[in-house]
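For reference, the structure discussed in these notes is given below.
All ligand and atom numbering here is 1-based and tracks the order in the structure. Heavy atoms only: backbone and side chains are in, while hydrogens, waters and symmetry mates are out. Sequence positions, counted from 1, serve as the residue numbers for this chain.
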Amino acid sequence: MHVGFIGLGAMGQGMAANLLSAGHTVTVWNRSQAPLDALKSQGAHIAETPAQVASGGVVLSMLADDAAVRAVLLDGGVLDALPTGGVHVNHATISVRLARELSDLHTARDVHYVAAPVFGRPDMAAAGKLHVVCAGDRNSLERVQPLFDAVGQRTWPLGDDPVRASVAKIAGNFMLASAIESMAEASALTRAHGIEAADFLEIMTQTLFAAPAYQGYGKLIAESRYEPAGFPVRLGFKDVGLALEAGDDARVPLPFAGVAREALLEALAGGGGERDWASLATVAARRANLDDRDKN
Ligand code: NAP
């Protein structure tokens with residue numbers, strides 16, 4: 001399939017590379033140059049402008065946040081350049097409000113919007129092992145399934161309203177933030193009483209919390225390893241904010257999200273925006289007057 005791909009950040013680079021490996025013809029655009037050079041050497045075509053990637057009729061985007069999506073997809077003319085009947089697949093984690101707006105804007109232009117946010121960090125993106133949560137009209141979902149097969153290990157369809165996929169992703173990341181914050185606070189507690197975080201977290205993640213989220217982030221906390229970030233505090237703060245906003249709109253209180261937001265804001269204020277959000281453990285440690293154990 002001929003596809004355009006916009007946004008070659010930590011996630012997009014691996015995803016675009018896997019589309020190429022699966023035999024698709026991929027034209028890429030990115031704001032900065034370095035990732036373009038890497039993809040070119042793997043066989044991608046390079047577009048001069050974002051709108052150029054739309055000519056084939058199928059565009060995938062993996063941009064950072066709402067502002068980037070607005071700047072590139074709307075102001076950058078990608079949506080306007082999609083031919084009638086074209087499909088835009090948005091893999092980024094964006095607000096429910098923007099998901100709704102994009103859905104309407106696409107419909108008004110006779111093009112299709114598929115929301116397909118993903119679970120999995122950059123290593124899983126590079127390995128083609130993402131979980132793709134998607135929603136959009138049935139024909140479009142069928143059309144882009146081979147692309148999902150190239151980037152992911154499993155697709156989780158959620159119906160025809162794209163907003164549903166966006167809200168599921170936001171809710172999932174809120175659960176991750178809660179898991180990290182609870183491990184951060186609990187390991188500060190054990191450390192204050194003489195038990196190393198690594199010893200405590202090994203027990204928990206081999207017994208009651210033997211799940212990938214706890215095991216993956218528990219290991220980062222146990223090893224105080226926060227750089228390079230798989231998922232930076234900057235993006236975690238964005239996502240918890242998206243959960244709170246979606247909760248406000250639907251009148252759903254999310255008290256834990258408020259706690260996680262404050263901790264992430266504290267990490268940001270301390271200059272830690274580019275560290276992995278597992279570094280919430282250092283915020284909890286500081287609050288308990290424990291040393292940071294920061295090996296970075
Ligand atoms: P990232 O490494 O920060 O990459 C962001 C991408 O957006 C880059 O291509 C960047 O271009 C581009 N961008 C940002 N602002 C822009 C603007 N104003 N105009 C044009 N381009 C802009 O982020 P990521 O980790 O790949 O994440 C991408 C999306 O996936 C986010 O919505 C994130 O929440 C979600 N996500 C991330 C993970 C993860 O573990 N990292 C997992 C699941 C979902 P430059 O290269 O020029 O900076």
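When ring centroids are compared, His106 and His88 come within the 6.0 Å threshold.
Evaluation of the side-chain hydrogen bond (donor to acceptor under 3.5 Å, both in side chains) test over residues 65-75, restricted to residues two or more places apart or in two chains, returns Asp66-Ser95, Arg70-Glu101.
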Could you pull out every donor-acceptor pair under 3.5 Å between side chains of residues 256-270 and any protein atom, sequence neighbours left out?
| from | atom 1 | to | atom 2 | distance (Å) |
| --- | --- | --- | --- | --- |
| Glu266 | OE1 | Arg287 | NE | 3.1 |
| Glu266 | OE1 | Arg287 | NH2 | 2.8 |

Going by atom type alone, with no hydrogens or angles, which donor-acceptor pairs under 3.5 Å involve a side-chain atom of residues 167-175 and a protein atom two or more places apart or on another chain?
| from | atom 1 | to | atom 2 | distance (Å) |
| --- | --- | --- | --- | --- |
| Lys169 | NZ | Val118 | O | 2.9 |
| Lys169 | NZ | Asn173 | OD1 | 3.0 |
| Asn173 | ND2 | Asp239 | OD2 | 2.7 |

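Relative to the six-membered ring of Trp277, Arg275 misses at least one condition, a distance below 6.0 Å or an angle of at most 45° to the axis.
Residue-environment remark: CG (Asp104) exceeds the threshold of 12 foreign heavy atoms within 6.0 Å.
Sorted by chain and number, the heavy-atom contacts of ligand 1 below 4.0 Å come from Gly7, Leu8, Gly9, Ala10, Met11, Asn30, Arg31, Ser32, Met62, Leu63, Ala64, Ala68, Val72, Ala92, Thr93, Val118, Gly120, Arg121, Pro122, Lys169, Gly230, Phe231, Arg234, Leu235, Lys238, Asp239.
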